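A quick write-up on the structure given underneath.
Chain letters run A, B, ... following the sequence lines, proteins first, then strands; residues in each count from 1. What you are looking at is a predicted structure, and each value in this text was computed from that prediction instead of being measured.
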Protein chains: 2
Amino acid sequence: MDIGEIARRSGVARSTVSYAISGKRPVSQQTRQRIQAVIDELGYRPNAVAKALKEGRTRTIALVIPPANTRLTDHQLTFVASVVNTAAKADLDVLLSPSGDEHDRSFERVITGRRVDGAILMEIRLTDHRVTRLQQTGLPFVTIGRTNTPDTTTWVDIDYDTLISRCVHHLADLGHQHIALIDRSPHLATTGYGPSHRAHTGFTRTTTQRGITPIHTHTHDNPNSGHTTTTQLLHTHPHLTAITTINEAALPGIYHAITQTGRTIGTHISITGVAAQHWAENLHPPLTAADAPADELATNAVNLLINRITNPTTPHQHLLLTPPISLRATTGPPHPFP
Amino acid sequence: MDIGEIARRSGVARSTVSYAISGKRPVSQQTRQRIQAVIDELGYRPNAVAKALKEGRTRTIALVIPPANTRLTDHQLTFVASVVNTAAKADLDVLLSPSGDEHDRSFERVITGRRVDGAILMEIRLTDHRVTRLQQTGLPFVTIGRTNTPDTTTWVDIDYDTLISRCVHHLADLGHQHIALIDRSPHLATTGYGPSHRAHTGFTRTTTQRGITPIHTHTHDNPNSGHTTTTQLLHTHPHLTAITTINEAALPGIYHAITQTGRTIGTHISITGVAAQHWAENLHPPLTAADAPADELATNAVNLLINRITNPTTPHQHLLLTPPISLRATTGPPHPFP
DNA sequence: TTGTAGGCGTTATCAA
DNA sequence: TTGATAACGCCTACAA
């Protein structure tokens with residue numbers, strides 16, 4: 001059933017039906033009602049594909065998610081959900097596209113076939129071939145995180161440098177002299193993952209500035225790895241009294257490793273870092289941390305993208321978020337252990 | 001740039017270019033190469049929207065996710081990722097559609113505008129208006145979970161009844177006499193959420209059969225709620241020695257509440273249930289549980305859907321999964337506390 | 001206030 | 001082996 005069917009049954013031209021639906025041209029009360037009756041009776045809905053072809057836009061955006069081999073963190077998950085919700089409010093649909101690994105076909109297909117009006121790229125690297133590819137195609141896009149050449153794209157990001165710097169200052173103010181940064185996986189760092197680099201930079205700068213012994217270590221995005229790393233860390237660095245981290249997925253393991261040695265969190269070992277709010281709140285004890293603003297990131301990403309789609313020539317906009325640290329229960333003055 | 005442009009530059013007809021690309025008609029080596037050269041030079045890609053209009057299918061499926069107000073559990077998240085991956089392997093794209101709440105517009109738009117060839121519905125209820133709606137439209141779909149009239153749809157589901165029954169048997173075999181079922185939220189149960197109902201059924205039947213005192217309680221899908229519920233549970237039922245649950249999101253809180261009272265998990269309180277594998281493994285101690293097979297659920301859902309799309313008249317197929325219980329570290333013979 | 005007709009970019013039928 | 005052309009279903013000038 002198509003618009004012609006409706007037209008025939010209501011005894012009008014196809015264009016009249018179209019106008020009756022869109023309201024872009026006045027239609028007499030009488031015909032409008034007759035048309036509407038037929039539409040209701042047949043349950044007619046315009047074919048979105050035909051409409052998209054005619055209008056040259058699909059009212060769909062792509063969300064390019066990280067490869068599936070690395071499990072999505074809670075923060076990323078919240079982000080995806082927020083994107084879908086924000087897009088829904090703007091009557092946009094979201095096409096999910098896995099990237100990396102063997103999924104390049106999917107990525108190519110989505111961004112190259114004019115199936116979407118724009119794209120949001122998650123978890124980009126300092127140099128990222130997907131960004132290059134997207135720039136070639138001319139499809140509007142915004143990235144979560146920024147590349148080495150931030151001025152050439154529209155992006156939203158979290159200021160991990162400043163955030164980790166603040167964490168170190170907070171711990172230093174409490175009197176800590178030995179602070180460890182537990183980073184995300186070494187693999188991410190070597191493949192140019194911005195947050196890792198920038199957290200590291202902020203950490204190094206601030207510990208130097210405050211005359212603190214810095215300890216830098218990586219761990220995979222899961223509790224088991226966090227447990228192993230932390231156990232080792234406590235063993236090799238007996239003077240350690242504070243940890244800061246951007247690896248929320250490892251946190252349960254970090255907690256467990258600490259308590260397992262008989263230490264108390266917040267007393268013998270202070271912890272702080274960056275994590276999803278509900279994640280920080282649901283740990284025991286609740287984590288003092290900068291709450292990663294996934295919602296805000298998502299809302300802004302979608303809005304910036306809509307902006308770019310409707311007005312492709314505007315200069316690139318950027319948004320760097322620096323959420324405050326929520327004081328909860330995991331930091332305090334250093335207590336030697338045992 | 002369109003197919004006509006390529007045709008012009010290669011000095012052939014548009015149809016020849018089309019056939020050169022699709023291979024659905026023999027094209028001489030010579031012209032094919034000439035065409036390919038032009039395509040490569042200009043970076044031409046066929047417009048997927050036009051193709052979809054012409055072919056009458058979009059090579060896209062919709063994944064209808066639960067309303068955003070209830071945070072997705074780990075199991076659900078894994079499921080979404082698996083669907084996207086499986087679909088990608090079949091060169092299908094996935095359109096995400098939130099349902100429920102104020103998102104009915106999105107749901108309607110997606111399933112009604114011929115934007116997708118089929119849909120997968122997550123978290124359906126025993127009576128579910130989305131199922132009814134989908135049946136009206138005639139769009140092929142498969143549900144995760146089953147309604148009250150399971151024969152009228154294609155579905156995949158987890159056999160919570162049998163799973164919880166097995167858990168009770170396992171605990172009873174160990175000698176437990178007082179077993180509690182911690183269900184998911186009361187709201188889910190009252191809105192006809194199948195897994196809640198069926199877990200409850202299996203629990204009641206098996207406890208009766210084994211002569212065990214059943215205790216049934218609900219909790220929300222988060223650690224805090226699990227903590228509150230469990231604390232209260234231990235208080236009201238001091239003889240309780242075992243818990244079985246289908247609420248994986250509440251587990252950290254359940255654990256915490258138990259140890260907080262001085263009890264040891266696996267000794268004073270045995271726990272078992274249904275949860276995502278990596279979730280069960282990353283708890284301390286690791287949870288003895290039936291590993292919810294999100295991957296298998298997803299793969300089968302996608303394949304059944306593809307089946308239904310290509311062959312809409314086949315009888316409905318169903319798949320009920322009953323994964324075995326993985327023995328880890330949280331069950332043992334009952335030890336009175338203190 | 002309404003109708004006619006052309007075109008969005010493909011694929012596929014029918015000729016040559 | 002290739003070309004011309006008619007759809008797919010919609011929107012929107014342009015006419016009436």
Open item on the list: Quick check for you: among D/dT2, C/dA12, D/dT12, whose closest atom lies nearest to any side-chain atom of A/Lys24?
Closed with: D/dT12
- [ ] Could you check whether the rings of A/Phe107 and A/His129 sit parallel, tilted or perpendicular, using 30° and 60° as the cut-offs?
- [x] perpendicular
- [ ] Calculate the interatomic distance between A/Leu42 atom CG and D/dG9 atom P; express it in whole Å.
- [x] 15 Å
Open item on the list: Would you compute the distance between atom OG of A/Ser106 and atom CG of B/Asn85 and round it to the nearest 0.5 angstrom?
Closed with: 9.0 Å
Task: Among C/dG7, D/dT1, C/dA12, the nucleotide that comes nearest once only the side chain of A/Lys54 is considered - done: C/dG7
Task: Modelled atom types, side-chain donor and acceptor of A/Gln36 and A/Asp40, under 3.5 Å - done: yes
Open item on the list: Under 4.0 Å, heavy atoms only, any strand: does B/Gly11 hit a base, just the sugar-phosphate, or nothing?
Closed with: sugar-phosphate
TODO: Could you check whether A/Val12 gets within reach of a base, just the sugar-phosphate, or nothing at all, counting any heavy atom under 4.0 Å?
DONE: sugar-phosphate
Open item on the list: Regarding B/Arg14, tell me which of base, sugar-phosphate or nothing describes its non-hydrogen contacts under 4.0 Å with the strands shown.
Closed with: base
Task: Distance-only side-chain donor-acceptor flag, B/Ser97 / B/Arg109, under 3.5 Å - done: no
Task: Closest nucleotide among D/dT2, C/dT11, D/dG9 to the A/Ala50 side chain - done: D/dG9
- [ ] Test side chain to side chain donor-acceptor pair (under 3.5 Å) on A/Arg133 and A/Gln136 and set out the steps.
- [x] CA-CA 5 Å; A/Arg133 190 73 189 87; A/Gln136 290 170 355; 2.9 Å; yes
- [ ] Would you mind reading off the distance between A/Leu53 atom CG and D/dC10 atom P, rounded to a whole angstrom?
- [x] 12 Å
- [ ] Could you state the atom-to-atom distance from CZ of A/Arg34 to C1' of C/dT2 in whole Å?
- [x] 11 Å
Open item on the list: Rounded to whole Å, please give me the gap between CD1 in B/Ile21 and P in C/dA12.
Closed with: 12 Å
- [ ] Using a 4.0 Å heavy-atom cut-off across all strands, classify B/Val27 as base, sugar-phosphate, or nothing.
- [x] sugar-phosphate
Task: Atom pair distance, as rounded to whole Å: CD1 in A/Ile3 and P in D/dT12 - done: 11 Å
Task: Sub-4.5 Å side-chain heavy-atom contact between A/Ile124 and A/Arg130 - done: yes
Task: Euclidean distance, atom CD of residue A/Glu5 to atom C1' of D/dC8 [Å, nearest integer] - done: 16 Å
Open item on the list: Over all strands shown, is B/Arg25 touching base, sugar-phosphate only, or nothing at heavy-atom distances under 4.0 angstrom?
Closed with: base
Open item on the list: Heavy atoms only, 4.0 Å cut-off, all strands: where does A/Ser15 land among base, sugar-phosphate and nothing?
Closed with: base
- [ ] Would you mind reading off the distance between B/Arg59 atom CZ and D/dC8 atom P, rounded to a whole angstrom?
- [x] 20 Å
TODO: Would you please confirm or rule out a distance under 4.0 Å between OP1 or OP2 of D/dG3 and any side-chain N or O of B/Thr16?
DONE: yes
Task: Closest listed nucleotide, where the reference is the side chain of A/Asp2 and the choices are D/dG9, D/dC11, C/dT10 - done: D/dG9
- [ ] Looking at every strand, decide which applies to A/Ser22 at a 4.0 Å heavy-atom threshold: base, sugar-phosphate, or nothing.
- [x] nothing
Open item on the list: Closest approach to the side chain of A/Tyr19, judged atom by atom: which nucleotide of D/dT12, D/dG3, C/dT10 is it?
Closed with: D/dT12
Open item on the list: Is the phosphate of C/dT2 approached by A/Ser28 (side-chain N or O, under 4.0 Å from OP1 or OP2)?
Closed with: yes
- [ ] Could you tell me the separation between the CZ atom of B/Arg32 and the P atom of D/dT1, rounded to a whole number of Å?
- [x] 10 Å
